[in-house]
Structures are given as C-alpha cells and as structure tokens.
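Whatever order the structure lists ligands and atoms in, that order sets their numbers, starting from 1. Here the structure is a predicted model, which is why all the values come from computation and not from measurement.
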Amino acid sequence: MTGTTARATPGKPPRRAPGGFPVVGIIGGGQLARMCAGPAVELGLTLSVLAEAPDASAALVIPSAPVGEHTDVDAVLAFARECDVVTFDHEQVPADVLTALLDAGIPMHPTPDALVFAQDKLAMRERLTALGIPCPRWTAAHTAVDVEAFGAEVGWPIVAKTPRGGYDGKGVRVIDSAAELTDWLERAAAEDSPLLLEEKVGFSRELAVLLARSPSGQAAAWPVVETVQTDSICTEVIAPAADLDPDLAARATEAGLRIAGELGVTGVLAVELFELPGGEFVVNELAMRPHNSGHWSMDGAITGQFEQHLRAVLDLPLGSPKPRHRWTVMGNILGGEHPELYPAYRHVMARDPEIKAHLYGKGVRPGRKIGHVNVSGDDLADLRERARHAADYIEGAITE
Ligand code: ADP
C-alpha cells in the first residue's frame with residue numbers, strides 16, 4: 001500500500017445480483033458512466049464506478065461508487081478487483097495504470113493497445129495514415145522552425161493540437177505563425193513530446209461514425225450523423241446526417257469498421273470526420289467510449305449506445321443499431337447563468353410532450369455540458385427548432 005491509497009474511500013462494494021450477472025466497472029464518474037446506469041438496470045447488471053468525488057455525475061446514481069483518482073494505481077487496482085470487466089468514462093487513464101491492470105489480469109475494454117490511439121492524437125495520425133485512412137495533412141512539430149516549415153508547405157492558418165488531454169477544443173489552436181505557439185512549444189520541449197500540426201481543413205460539415213465492436217469481433221454501426229459545433233463544443237446532432245451521399249456514408253462506415261478491426265477496438269468507437277466539398281472525407285479524431293455524437297441513440301435507435309457499450313464489453317451479442325424514426329435531433333444543454341434547472345421542466349414538458357430530457361446531475365458552470373434533449377419525427381426543421389428551444393429553455397438562455 002502506498003500513501004496515495006489513503007485518498008481512495010472504499011464506498012459500498014458492488015453487490016452482485018442473483019442469477020450470475022456480472023459487475024461492470026467504469027473508471028471515471030462523468031455523464032457517460034452515469035448514462036450506462038439505465039440500461040444496466042434493465043439488463044440486471046451491476047455497475048461500479050471509480051468516481052472523482054462522492055457527488056460526481058455517475059456517483060449520484062450508482063450505489064457502488066468508491067472515490068479515487070484514475071491516476072492512482074492502488075486505488076484503480078483495488079476498484080478493478082471487485083469487477084468482472086473494466087471500461088472507461090474518459091481517455092485519461094495513464095499508461096502505467098493500464099499496465100498495472102493488464103499485469104493483474106483484469107479484463108479491460110478497450111484494451112490499452114487500442115486505447116492509445118484515442119489518447120494520443122499523434123499516435124492516431126501515424127496509425128491511420130499507415131492504414132491508408134484519409135486524414136488532414138499533418139506533421140509532428142518540435143520547434144518553431146518545424147511550425148514555420150509546415151505552415152509554408154500547407155498554407156496558413158494551420159491547426160495546432162496538444163496530442164494528449166484535450167477535449168471540447170481545449171488543446172486546439174488555429175494559428176497564423178509559429179509565434180502564436182511559443183508557450184506550447186516551450187512546454188513540448190520541456191516534456192520532450194512534439195505537438196501535432198494539421199492543415200486547416202475547409203470542411204462543409206462535421207460527421208461522425210459511431211459503432212460498437214465486441215471482443216469476438218462482431219460490430220454494429222449506427223447511421224452516420226452530423227455533429228454541429230459551437231465554439232468547438234458539440235451543440236447539436238442530426239441523425240442521420242441530412243442529404244448525405246449514400247456512397248460517402250458507406251465509405252465512411254467502412255472506414256470506421258476497418259479502424260475498429262485493425263486497432264482491435266472493443267466497446268463503442270466514435271470516428272469524427274470532416275466532410276469535404278466533392279464527396280470526400282478525412283478523419284478528425286477517435287473516441288473509444290460512448291460519445292456525444294451517439295446520445296441521440298438513447299431514444300432514436302433500437303439499441304442505444306450505452307446499452308451497446310455494456311453488451312460489447314461483456315462480449316454479448318450486439319443489439320440492432322437501427323433508427324426507430326426518420327430523424328432524431330439531439331440538442332446539448334450547456335451550463336448558463338442559471339443554477340436552477342428543474343423549474344424549467346414544467347414549461348418544456350408541457351410545451352412538447354415528445355421531448356426526452358437527459359440531465360447529468362452536474363453543477364452549472366458556463367459552457368459545461370450538463371444534459372441533452374432528444375426529439376424524433378419526420379420534419380427535420382421542426383425537430384431542430386424544438387430541440388433547440390427545449391435545450392435553451394432548460395439552460396435558461398430563453399424564458400418563453
Ligand atoms: P477535441 O479533442 O478538443 O474535441 P478536435 O481535434 O476534435 O479537439 O478539434 C475540435 C474542433 O476544432 C473540431 O470539431 C473542428 O471544428 C476544429 N478542427 C480540429 N481540427 C481541425 C482541422 N485540421 N481543420 C479544421 N478544423 C479543425
């Protein structure tokens with residue numbers, strides 16, 4: 001035992017349901033872990049979550065939620081030993097912790113060999129390029145000279161990324177010269193880890209392929225969706241993407257399935273894409289867990305992504321990803337100025353009984369993802385208006 005273990009509080013150990021049902025452990029107590037709870041209850045599975053805090057989003061709804069850091073080897077091992085399989089709410093678990101889990105023989109999905117391509121954008125670019133999957137032109141940069149050379153080659157502005165740890169656009173900078181990257185280059189030199197540079201892609205829209213793959217190799221893909229970002233945060237998803245060339249949809253889905261197979265991904269995989277004018281696409285990035293682009297599937301598909309992730313990590317046959325409706329629109333609810341959210345339900349539910357609201361039990365901070373709404377039907381423009389209205393009303397951006 002090391003001193004760091006003292007930070008972990010055991011909480012209630014997971015209680016197995018009679019009937020031979022397994023315990024699925026999730027490292028990280030965010031909304032993705034939380035939204036596995038509904039399907040787990042329905043399937044009779046027990047979840048256990050290693051949570052950042054007793055009031056983490058998932059810890060509020062999952063009885064077994066020991067508190068511990070995902071960077072603390074002892075805390076993670078103690079947690080994982082109570083579970084039959086371990087999976088992840090986020091991609092931040094460091095390599096030494098993953099190795100310790102492997103060495104201890106803990107079944108884990110995705111495995112560290114696959115997960116690294118979602119943790120490290122440089123590793124991802126190298127691997128996808130080797131596989132012949134279309135990517136933006138890119139390079140690894142150590143110095144300002146590298147940055148200037150790449151900018152001169154592909155044309156300014158360019159996009160600079162920290163290979164690890166970014167989310168919601170944190171860790172992404174559009175730059176017109178190397179001078180705008182001085183602080184990152186200094187840090188990269190100190191850490192001896194290069195930055196990722198990419199050409200700035202003139203995309204027509206952002207798409208995502210979402211699929212699940214089981215350890216046995218079964219895979220199931222949902223229809224390709226459009227993701228709409230506002231200030232680098234996903235704010236709306238349209239499922240399926242409207243007016244998408246069926247050939248592009250097929251090629252993108254095929255690329256997603258190939259990535260999943262070649263990288264040995266297990267669980268849900270999201271492949272974020274840029275659609276280019278002219279019917280081509282390039283891959284932006286990968287996520288190996290349920291993903292914002294799949295929240296629509298909770299209400300809009302026969303099998304939602306959280307149920308599918310549980311099935312996949314348990315190596316159960318996968319459920320049908322078929323949509324239940326012509327369209328489903330997902331609207332993210334971001335934290336605004338108003339900490340009180342519940343009072344909005346009365347208006348939103350009365351105005352539109354078809355809206356499905358999913359709130360994450362998270363405190364309101366401006367710009368933070370705190371929930372989403374889904375609505376399905378036949379009239380896309382109407383659905384988009386209704387989803388936006390409900391999300392805006394709950395976050396307090398509008399009052400009528
Ligand atoms: P994060 O991991 O923080 O989500 P992403 O790599 O997905 O970062 O980038 C965030 C957003 O920045 C993307 O959704 C896209 O809008 C924009 N972006 C990222 N890379 C490029 C690029 N090469 N060209 C143009 N826009 C980009």
Side-chain angles (χ1 to χ4, degrees), residues 28 30-32 88-93 115-129 133-141 146-147 150-176 180-181 184 187-188 193-210 224-238 241 252 255-256 259 268-278 280-295 330 332 334 367-369 372:
Q31 66 259 27
L32 303 177
F88 308 94
D89 167 78
H90 56 69
E91 282 130 1
Q92 311 304 332
V93 179
L115 194 57
V116 67
F117 300 108
Q119 293 182 312
D120 184 328
K121 291 179 182 175
L122 263 174
M124 177 271 292
R125 283 278 174 254
E126 267 164 31
R127 187 67 194 271
L128 295 191
T129 303
I133 303 281
C135 290
R137 282 180 289 170
W138 65 276
T139 194
D146 298 341
V147 179
F150 186 72
E153 182 191 330
V154 303
W156 302 94
I158 59 171
V159 179
K161 299 185 179 183
T162 52
R164 287 178 174 266
Y167 68 97
D168 287 350
K170 298 172 179 62
V172 176
R173 243 183 229 178
V174 180
I175 54 160
D176 280 302
E180 292 173 48
L181 223 50
W184 279 12
R187 202 175 61 210
S193 61
L195 298 174
L196 171 63
L197 304 181
E198 295 175 357
E199 67 175 306
K200 185 166 185 298
V201 177
F203 55 80
S204 39
R205 59 180 164 173
E206 299 193 46
L207 304 172
V209 174
L210 195 81
V224 179
V225 301
E226 175 178 354
T227 64
V228 180
Q229 336 285 322
T230 313
D231 299 328
S232 289
I233 299 178
C234 176
T235 46
E236 186 187 32
V237 171
I238 299 168
I259 292 168
V268 167
L269 168 71
V271 183
E272 297 180 13
L273 307 172
F274 298 139
E275 181 181 8
L276 308 180
E280 297 301 320
F281 67 87
V282 289
V283 171
N284 176 28
E285 68 164 342
L286 308 180
M288 293 181 198
R289 48 172 170 73
H291 188 253
N292 204 158
S293 65
H295 289 353
M330 188 280 323
N332 268 344
L334 304 182
R368 189 184 201 199
K369 287 176 185 163
H372 69 271

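Only one option out of Val225, Thr227, Val237 pairs with Glu206 in a side chain to side chain contact (heavy atoms under 4.5 Å, CB included); it is Thr227. With Leu207 as the partner, the side chain to side chain contact (heavy atoms under 4.5 Å, CB included) test is satisfied by one option alone out of Val224, Asn284, Ile238: Val224.
Looking only at protein heavy atoms, the nearest one to atom 11 (C) of ligand 1 is Ser232 OG, 4.0 Å. The protein non-hydrogen atom at the shortest distance from atom 27 (C) of ligand 1 is Phe274 CZ, 3.6 Å. Closest protein heavy atom to atom 3 (O) of ligand 1: Gly169 N, 2.6 Å. Summary of contacts: the protein heavy atom closest to atom 9 (O) of ligand 1 is Val172 CG2, 3.7 Å.
For Asp231, the CG atom counts as loosely surrounded, since its 6.0 Å shell holds 12 or fewer non-hydrogen atoms of other residues, nucleotides or ligands.
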Show the atom names and distances, to 0.1 Å, of all donor-acceptor pairs under 3.5 Å that link a side chain in residues 195-202 to residues at least two apart or in another chain.
{"from": "Glu198", "atom 1": "OE1", "to": "Lys161", "atom 2": "NZ", "distance (Å)": "3.1"}
{"from": "Glu198", "atom 1": "OE2", "to": "Arg125", "atom 2": "NE", "distance (Å)": "2.9"}
{"from": "Glu198", "atom 1": "OE2", "to": "Arg125", "atom 2": "NH2", "distance (Å)": "3.0"}
{"from": "Glu199", "atom 1": "OE2", "to": "Arg137", "atom 2": "N", "distance (Å)": "2.7"}

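Checking only distances, Val201 does come within under 3.5 Å of ligand 1, N or O to N or O.
Each of the following atoms of ligand 1 lies closer than 4.0 Å to a heavy atom of Glu199: 22 (C), 23 (N), 24 (N). Applying the 4.0 Å criterion to heavy atoms of Glu272 picks out, from ligand 1, the atoms 7 (O).
Here the shortest heavy-atom distance to atom 19 (C) of ligand 1, taken over Arg137, Lys170, Glu198, Lys161, belongs to Lys161. Taking only non-hydrogen atoms, the option from Glu206, Gln229, Lys121, Glu285 nearest to atom 13 (C) of ligand 1 is Glu206. Proximity annotation for atom 7 (O) of ligand 1: of Thr162, Thr227, Asn284, Asn284 comes nearest, heavy atoms only.
Inter-residue side-chain proximity for Val147 and Ile175 is flagged as met; some heavy-atom pair is nearer than 4.5 Å. The closest side-chain heavy-atom distance from Arg289 to Asp89 is not below 4.5 Å. Between Arg187 and Thr162, the closest side-chain pair of non-hydrogen atoms falls below 4.5 Å.
Judged by the shortest distance from any of its heavy atoms, Phe203 lies inside the 4.0 Å radius around the atoms of ligand 1.
Considering only residues two or more places apart in sequence or on other chains, His90 meets the ring-ring contact (aromatic ring centres under 6.0 Å, His included) condition with His70.
Contacts of Val174 with ligand 1, taken as heavy-atom pairs under 4.0 Å, are absent altogether.
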